[in-house]
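Everything numeric in this text was worked out from a predicted model, so none of it was measured. Sequence lines set the chain letters: A, B, ... in the order given, protein chains first and strands last, and positions in each chain run from 1.
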Amino acid sequence: MSDSTKEIPAAPSDFIRDIVAKHVAEKKYPHIHTRFPPEPNGYLHIGHAKSICLNFGIAREFGGICNLRMDDTNPTKEDVEYVDSIRADVNWLIAGWADKNLGLNNSKPFYASDYFDQIYEFAIALIKKGKAFVCDLSPDETDEYRRQGKASPFRDRSVEENLDLFARMKAGEFPDGKRSLRAKIQPDSPNIWLRDPLIYRIKHAEHHQTGAKWCIYPMYDFAHCLSDYIEGITHSICTLEFEVHRPLYDWILESLDLPRALPKQYEFARLALGYTVMSKRKLMQLVNEKLVTGWDDPRMPTISGIRRRGVTPEALRNFAYNIGITKYNGITDVAVLEHAIREDLNKRALRRLAVLRPLKIVIANFPEGKIEELDAVNNPEDENAGKRKIPFSRELFIERDDFQEIPPPKFFRLKPGGEVRLKYAYIIKCDEVVKDASGKIVELRCTADLDSKSGGATAGRKVKGTIHWVSAKHAIDVEVRLYDRLFTVPEPDADGDFKKFLNPHSLEVITAKLEPSLKDAKSNERYQFERLAYFALDKDSSPEKIIFNRTITLKDAWAKEAQKI
RNA sequence: UGCCCGAUGGUGUAACGGUAGCACAGCAGACUCUGAAUCUGUUUGUCAUGGUUCAAAUCCAUGUCGGGCAGCCA
């Protein structure tokens with residue numbers, strides 16, 4: 001099987017795609033048009049990635065377009081910093097996959113705020129139809145009336161008075177909260193969102209896009225369906241909590257007697273992932289309280305954090321594909337994400353030798369000063385990745401974990417008197433354990449079977465274990481950041497304070513010994529330090545100070561076995 | 001409390017009235033110059049009770065459990 005056919009999974013199927021496919025078959029719309037509408041009030045997280053993959057995936061599979069739209073109707077919570085991060089994250093996730101299906105407005109995202117003039121006109125049209133009114137009730141009174149299903153006493157104002165008052169709201173004559181524009185639907189509807197919902201509120205606040213132009217802003221329910229209509233969206237896909245809003249979405253559009261086909265809203269379950277939190281509020285808390293280094297901290301479930309950690313967009317997309325789309329609110333096992341990451345990295349990562357926690361060994365029968373250049377395979381999964389040379393000498397470092405003075409059963413690494421193969425090099429035997437005054441092992445004296453090198457006379461000799469190593473005088477000392485799960489429990493936000501479940505060991509910074517070729521590591525490459533984990537250069541890495549992030553460990557069957565003992 | 005939505009192995013998902021399948025995880029084994037990868041085998045499931053039907057995970061009713069909404073947030 002060729003790689004290209006292997007890498008493109010069969011088009012996924014789910015209840016939303018089934019609906020779209022049916023509409024395509026019926027030729028219900030000239031073309032399919034979706035949208036991804038984040039509010040720029042925080043960074044995108046992996047839950048948004050699910051939505052991006054759904055919306056752009058549909059556009060891609062059905063030859064349509066997916067608009068990137070900032071849902072920016074609440075200026076007091078939003079910021080351009082977030083606009084910029086959202087653009088970067090979306091572009092990164094869809095690059096080379098659905099970038100041709102990305103709908104932009106003069107190479108910029110769409111903004112709901114671009115439509116404020118039109119939305120205002122739609123509000124006036126609604127007033128003229130007698131379907132909206134200006135209400136003088138205070139916020140508290142409004143709540144109370146709606147709870148009781150009671151009509152506002154201002155419900156029956158004349159169209160003229162409503163028009164006048166709404167114009168004066170816009171002109172800035174009233175303070176925040178003094179009046180609002182409400183849809184006139186049904187004060188005692190069983191659906192709260194049909195109980196004459198607010199569609200415009202007064203907010204004397206500058207907007208990051210429209211500046212000081214407005215002091216009234218449309219509510220989500222009013223702006224969203226109209227933005228969809230204005231952009232010609234056919235399928236407006238959102239998460240389950242908007243399900244109860246759907247009748248309002250339809251009511252607004254139908255009440256306006258619009259000439260073109262109306263968009264329809266469909267809802268799916270948002271992603272919940274084990275061992276993390278997903279709400280923007282909680283993520284913001286972690287950032288503000290400096291419990292992480294920022295929105296793009298590699299431990300964060302944000303797209304920027306995941307990217308910085310070293311995960312590729314392909315892995316994230318495969319994950320999104322694997323979890324499916326339903327209306328069931330479940331919690332996805334992180335193992336599914338981790339599997340998608342490992343599967344992707346296994347195919348692409350360049351293999352390298354690196355020792356995280358060094359233990360010095362001396363090969364007594366290897367001449368002092370002699371250096372051998374050994375051939376090493378860059379990627380056994382990809383022949384085209386070629387080979388490289390790694391230096392071998394008398395003094396080496398091996399992983400401390402790879403030696404046990406008193407080995408447990410089934411330990412087939414190095415032990416006193418035991419043999420092990422040094423990857424790409426010789427079979428060695430441990431002759432002597434050297435300790436310091438405190439009893440700590442500081443060095444191992446070994447001898448090598450000098451014929452056992454690859455291609456040598458005894459190269460075929462079987463020993464149970466193979467371990468990695470670096471040449472002591474050639475290895476480079478590099479900062480390596482070892483990341484682990486941010487939380488210690490599968491559902492940190494199940495109840496109470498999620499912060500008490502923060503994993504104190506979610507980051508460990510060490511100086512590791514790497515094979516010299518890693519001096520030239522590239523930020524767009526992925527590396528596997530053999531037998532350990534996958535790594536990528538951190539965004540703060542420079543030639544002067546190289547920094548590696550551990551993206552994810554290799555599966556470790558020995559750790560599991562050792563636990564049983 | 002009212003309204004809305006949902007329920008298939010441990011987890012996530014498929015089966016669209018006709019053989020309950022897939023992935024992850026788990027377990028056992030093979031292979032291995034990565035205890036990785038790969039390969040083989042395997043444990044575990046239709047929320048409950050009624051009804052419709054030759055036939056129900058699927059349709060209907062009731063119940064149970066879970067989620068959402070009840071901001072001038074989105």
Atom-to-atom span, [atom1] of [X] to [atom2] of [N] - whole angstrom:
{"X": "A:Leu271", "N": "B:U13", "atom1": "CG", "atom2": "C1'", "answer": "14 Å"}
{"X": "A:Arg147", "N": "B:C69", "atom1": "CZ", "atom2": "C1'", "answer": "13 Å"}
{"X": "A:Phe15", "N": "B:A57", "atom1": "CZ", "atom2": "C1'", "answer": "18 Å"}
{"X": "A:Glu561", "N": "B:C27", "atom1": "CD", "atom2": "C1'", "answer": "12 Å"}
{"X": "A:Arg195", "N": "B:C3", "atom1": "CZ", "atom2": "C1'", "answer": "9 Å"}
{"X": "A:Lys410", "N": "B:A28", "atom1": "NZ", "atom2": "C1'", "answer": "11 Å"}

side-chain N/O [X] vs [N] OP1/OP2, d < 4.0 Å:
{"X": "A:Lys462", "N": "B:C33", "value": "yes"}
{"X": "A:Lys327", "N": "B:G68", "value": "no"}
{"X": "A:Thr76", "N": "B:C73", "value": "no"}
{"X": "A:Arg342", "N": "B:A37", "value": "no"}
{"X": "A:Thr142", "N": "B:C72", "value": "no"}
{"X": "A:Arg348", "N": "B:A37", "value": "no"}
{"X": "A:Lys560", "N": "B:C27", "value": "yes"}
{"X": "A:Lys203", "N": "B:C73", "value": "yes"}
{"X": "A:His339", "N": "B:C24", "value": "yes"}

Inter-nucleotide P distance (B:A48, B:G68), Å rounded:
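Taking atom P in both B:A48 and B:G68, they lie 24 Å apart.
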A:Lys50 side chain vs A:Ala269 backbone, donor-acceptor pair below 3.5 Å
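Yes; judged by distance alone, with no hydrogens or angles, the pair exists.
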Quick one: does A:His224's side chain have a donor or acceptor within less than 3.5 Å of a partner on A:Asp221's backbone?
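Not a single qualifying donor-acceptor pair exists.
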Counting only side-chain heavy atoms from C-beta out, which of [options] sits nearest to [X]?
{"X": "A:Glu39", "options": "B:A14, B:U34, B:C73", "value": "B:C73"}
{"X": "A:Ala557", "options": "B:A36, B:A74, B:U32", "value": "B:A36"}
{"X": "A:Arg146", "options": "B:C69, B:U13, B:C72", "value": "B:C72"}
{"X": "A:Arg531", "options": "B:U34, B:C72, B:G67", "value": "B:U34"}
{"X": "A:Lys423", "options": "B:A25, B:C33, B:G35", "value": "B:C33"}
{"X": "A:Ile192", "options": "B:A74, B:C3, B:A70", "value": "B:A70"}
{"X": "A:Met219", "options": "B:G71, B:U34, B:C16", "value": "B:G71"}
{"X": "A:Arg413", "options": "B:G35, B:G67, B:A74", "value": "B:G35"}
{"X": "A:Arg201", "options": "B:C5, B:G12, B:A74", "value": "B:A74"}
{"X": "A:Thr466", "options": "B:U34, B:A74, B:C4", "value": "B:U34"}

Between A:Glu78 and A:Glu241, who's closer to the 5' end of RNA chain B by nearest nucleotide?
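Result: A:Glu241.
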Step by step, work out the ring-ring contact (aromatic ring centres under 6.0 Å, His included) result for A:Phe242 and A:Tyr249.
CA-CA 10 Å; A:Phe242 295 100; A:Tyr249 184 102; over 10 Å; no
Could you tell me whether [X] contacts a base, only the sugar-phosphate backbone, or nothing, with contacts defined as non-hydrogen atoms closer than 4.0 Å?
{"X": "A:Pro139", "result": "base"}
{"X": "A:Val336", "result": "sugar-phosphate"}
{"X": "A:Pro38", "result": "nothing"}
{"X": "A:Phe242", "result": "base"}
{"X": "A:Arg351", "result": "base"}
{"X": "A:Tyr328", "result": "sugar-phosphate"}

State whether the distance check finds a donor on one side and an acceptor on the other, under 3.5 Å, for side chain A:Asp18 versus base B:C16.
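Answer is yes: a donor-acceptor pair is held.
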For the base of B:G35 and the side-chain ring of A:Trp558, does the geometry meet a stacking cutoff of under 5.5 Å between centres and under 30° between planes?
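The ring of A:Trp558 is stacked on B:G35.
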